[in-house]
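Worksheet: one structure, shown below.
To find a chain, count down the sequence lines: A is the first, B the second, and so on, and within it residues start at 1.
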Amino acid sequence: VITSQPPSGAEGLRHAALFYRTPDELLSTVLEFVQAGVAAGEPVLVTSTGPGLQLLQPRLADQGELVTWAGLTGIVNPRRITAVMRSFAAGHLGRPIRYVQERVWPARPDQLREAIRHEALVNLALAGSPAAVLCAYDMRADAGVLTSAQRTHPTLVQDGRWRPSAAYAADVLIPEECDEPMTSPPVTAVMLDYRDDQAAVRRFAAEHARAAGLAPDRVRDLVLGVGELAGNTLMHTSGPGTLTMWTAGGEVLCQIQDSGKISDPLAGTLRPDPAAAGGGRGLWIVNQLCDLAEFRTGPAGTTIRLHIRLKPDEP
Amino acid sequence: VPPDEPAFQLTVSFPDDATAFVTLAGQLDRTTAIELSAQLQPVLARQPQLVIYDIAQVSYIDDAAARTLIYSADRSPGGQRPVLRRPPPIVLRLLEVTGLDTQCVIEP
């Protein structure tokens with residue numbers, strides 16, 4: 001069904017990718033989507049990690065209190081954004097909501113894979129929620145980005161037309177390109193095997209992070225992240241874990257490998273209720289503390305790679 | 001932490017019938033979780049209405065240990081939220097990212 005009307009999420013999740021060529025096209029489509037939401041009394045959250053939608057901000061100022069603007073500039077780790085979307089939905093429980101996002105599409109393969117994974121996980125994180133999600137894509141983006149967008153979004157909007165995406169793969173939770181093998185650590189990487197010696201693994205991480213030039217507050221973050229992951233090895237596996245650390249591309253990289261398994265693809269992306277017990281909290285903590293987290297999990301075990309930028313203000 | 005030294009130390013006093021004052025030092029993680037619960041058990045058995053933890057000398061805490069401090073005290077009948085006094089930056093950061101800072105009273 002092709003329509004010129006932006007969809008409402010009142011009947012359940014509508015997740016659409018907007019392919020635009022010009023800023024005018026971006027603004028007019030997003031504004032139409034936002035105004036349709038306001039007209040229907042639906043709260044709208046607009047987020048942007050980059051400059052594209054910033055143009056829209058002055059135009060949204062007169063849309064009334066249903067529209068919330070959240071600049072997420074500086075949030076690189078896409079695993080944090082799912083919680084922003086979910087908490088907006090939770091703040092308006094029972095009401096249809098709308099959500100507009102635009103990301104800066106990174107050139108680095110690891111960042112790109114995680115950004116695409118986030119898009120795919122929206123279908124799971126908001127499944128059954130009364131939400132309409134519009135994700136803006138500049139058509140000058142890498143062809144692979146646009147191909148992935150067609151596979152992760154059930155709906156496409158282009159030239160003012162909303163239509164089902166023929167390439168959308170409802171039965172594929174995560175596109176396979178997201179789980180491509182990570183590059184191997186360099187031969188200069190330092191390694192430590194651990195199990196009960198939890199304090200030693202934290203001390204090792206802190207010493208190497210400091211030696212790499214990481215600022216004291218980020219060393220703390222790294223120690224907290226490594227501590228939770230090393231604790232998971234102890235609690236959830238029967239074997240040793242391995243910590244590997246190196247520096248590359250202006251980042252400290254810190255990798256934890258053990259025989260554990262992560263069964264929930266949303267693990268660590270949804271804010272845990274502080275009063276509730278349960279697992280997955282370590283992964284949430286890790287996602288809040290690092291600039292990018294990559295997880296690979298399978299029968300052979302789990303590898304979690306954390307990235308922390310040496311200079312936090314540089315993207 | 002040298003192998004023969006305990007990873008953490010806990011001392012307790014009862015300034016009045018309703019209050020337990022617990023001073024902690026060292027590192028609180030999965031390897032100390034059972035010992036921490038064991039040492040807290042007799043303190044909480046007295047059912048203090050208020051538990052104050054002085055954690056200025058805690059150099060590391062994980063989510064599980066922070067929850068042990070906050071929720072075991074919270075269960076005491078008629079109890080108030082526990083007080084975490086003088087948390088160092090690394091502890092504050094953990095409390096903040098877990099939302100546990102909303103479950104206790106933090107005193108600088």
Side-chain angles (χ1 to χ4, degrees), chain A residues 77 79-80 83 87 90 194-206 209 215-237 241 258 260 268 270-290 293 308, chain B residues 1-9 24-37 55-76 79-82 84 87-106:
Chain A
N77 184 354
R79 287 179 194 267
R80 276 188 228 165
S87 73
Y194 65 88
R195 179 158 177 86
D196 293 317
D197 37 3
Q198 297 272 310
V201 73
R202 296 192 299 266
R203 193 167 54 233
F204 183 92
D217 59 330
R218 302 311 314 275
V219 173
R220 277 201 297 269
D221 285 354
L222 188 88
V223 167
L224 286 171
V226 167
E228 291 295 329
L229 295 179
N232 279 352
T233 303
L234 192 59
M235 297 306 289
H236 302 303
T237 78
D258 64 24
L270 307 178
R271 177 180 291 279
D273 176 355
R281 316 178 64 92
L283 297 180
W284 165 266
I285 293 166
V286 160
N287 281 332
Q288 306 312 304
L289 298 175
C290 68
I308 297 196
Chain B
V1 180
D4 296 335
E5 212 170 285
F8 77 98
Q9 298 86 40
L24 283 159
Q27 307 200 28
L28 301 171
D29 65 17
R30 299 287 195 164
T31 64
T32 58
I34 292 171
E35 184 60 26
L36 176 64
S37 294
I55 53 172
Q57 299 304 316
V58 171
S59 56
Y60 175 78
I61 192 166
D62 69 5
D63 174 65
R67 296 164 60 73
T68 298
L69 298 188
I70 288 168
Y71 290 114
S72 53
D74 220 8
R75 278 200 291 270
S76 54
Q80 306 167 32
R81 287 187 170 187
L84 269 54
I90 192 166
V91 177
L92 267 182
R93 181 73 165 135
L94 181 96
L95 297 174
E96 169 198 298
V97 298
T98 53
L100 288 171
D101 56 353
T102 65
Q103 308 295 307
C104 60
V105 177
I106 294 172

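- Within a 6.0 Å radius of CZ in A/R195, more than 12 heavy atoms belonging to other residues, nucleotides or ligands are found.
- Summarising the geometry of B/Y60 relative to A/E228, their closest heavy-atom pair is OH-N, 3.8 Å, with the distance given to 0.1 Å.
- Side-chain contact between A/Q198 and B/Q27 is absent, with no heavy atoms from C-beta onward closer than 4.5 Å.
- Using a 4.5 Å cut-off between heavy atoms, A/L224 contacts chain B through both its backbone and its side chain.
- At least one donor-acceptor pair under 3.5 Å links the side chain of B/R67 to the backbone N or O of A/P274.
- Atom CD of B/E96 has more than 12 heavy atoms from other residues, nucleotides or ligands within 6.0 Å.
- Closest non-hydrogen pair, A/I285 versus B/T98, comes out as CD1-CG2, 3.5 Å.
- B/Q103 contributes atom CD, which lies 7.5 Å from atom CG of A/D273 (distance to the nearest 0.5 angstrom).
- Summarising the geometry, atom CE belonging to A/M235 is positioned 9.5 Å from atom CG belonging to B/D62; distances are rounded to the nearest 0.5 Å.
- One finds the CG atom of B/D29 at 10.0 Å from the CG atom of A/D196 (value rounded to the nearest 0.5 Å).
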Worked verdict on B/R93 versus A/L289 for side chain to side chain contact (heavy atoms under 4.5 Å, CB included): CA-CA 9 Å; B/R93 181 73 165 135; A/L289 298 175; 3.7 Å; yes
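- Looking at A/N232 and B/R30, their side chains come closer than 4.5 Å, going by heavy atoms from C-beta outward.
- Only the side chain of A/D221 comes within contact range of chain B, judged by heavy atoms closer than 4.5 Å.
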